Amino acid sequence: MEPEGVIYFAYCATNPELEKDDQKWQAIRNIYPDAIIINPEKVAGFGFYYEAIKGCHLLIVSEIENTITLDVELEIREAIKWNIPVFAIRNHGEHHVFHKIVGVKQLDGQITSWRCAEVVLKDPIEEGQLEIDRNLLTTLSDLFASPDLY
């Protein structure tokens, strides 16, 4: 069976609570077992991040206390530029839920090495989804048939 869809998982590799990102990664894998999930830590160089993002169906973001790092902010901006749907994955009780991201907002005077911006969500925080619409993920043959990705 051919994998279905490509997901880019944007997270801070120097997050002091990296095990939470591992839990989110596993939650994504459980929901989308046939998708390819790109780990930015395995992408060589920042220019390649942009190419990897352009070739994705979705970008899923992990935050640190509802904030993001500069690298993650740039990844979100790149995905939005290419009209790639972007979602934050957040832990709500026993479940991970997804929130549609429509932009990013700089933090005023609260910047640290792990915090430089926060995401702007489409819907109120209570309305997270347990799953992203699977129609946003297509087969890889559909993805590679698109001339815009080369």
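Nothing here was measured: the structure is a model prediction, and the numbers come from that model.
Val120 and Ile80 fall into different hydrophobic clusters, where Ile, Leu, Val, Met, Phe, Trp and Tyr are joined by side-chain heavy atoms under 4.5 Å apart, directly or via other members. Taking hydrophobic clusters as Ile, Leu, Val, Met, Phe, Trp and Tyr residues chained together by side-chain heavy-atom distances below 4.5 Å, Val102 does not share a cluster with Val104.
Using a 3.5 Å distance cut-off with no hydrogens or angles, the side chains of Gln26 and Asp22 do not pair a donor with an acceptor.
Here the shortest heavy-atom pairing between Ser62 and Lys24 reads OG-NZ, 3.1 Å. Here the closest heavy-atom approach between residue Pro40 and residue Ala10 is recorded as CG-CA, 4.5 Å.
Partners of Arg77 by salt bridge (Lys or Arg N to Asp or Glu O under 4.0 Å), not counting sequence neighbours, listed by chain and number: Glu73. Taking the side chain to side chain contact (heavy atoms under 4.5 Å, CB included) definition, one finds that Ile101 meets it with Val61, Ile76, Val86, Ala88, Val119, Leu121, sequence neighbours left out.
Rounding to the nearest 0.5 angstrom, the gap separating the NE2 atom in His96 from the CG atom in Asn91 is 4.5 Å. We find the CZ-CG distance between Phe9 and Leu59 to be 10.0 Å, quoted to the nearest 0.5 Å. Atom CD1 of Ile7 and atom CD1 of Ile31 lie 9.0 Å apart (nearest 0.5 Å). Atom-to-atom distance recorded for Lys81:NZ and Glu78:CD is 4.0 Å, nearest 0.5 angstrom. To the nearest 0.5 Å, atoms OG1 (Thr69) and CG (Leu74) are separated by 8.5 Å. With values rounded to the nearest 0.5 angstrom, Cys12 atom SG is found 10.5 Å from Ile68 atom CD1.
In summary, of the residues considered (Tyr8, Trp25, Tyr11), a side chain to side chain donor-acceptor pair (under 3.5 Å) with Asn39 occurs for Tyr11 alone.
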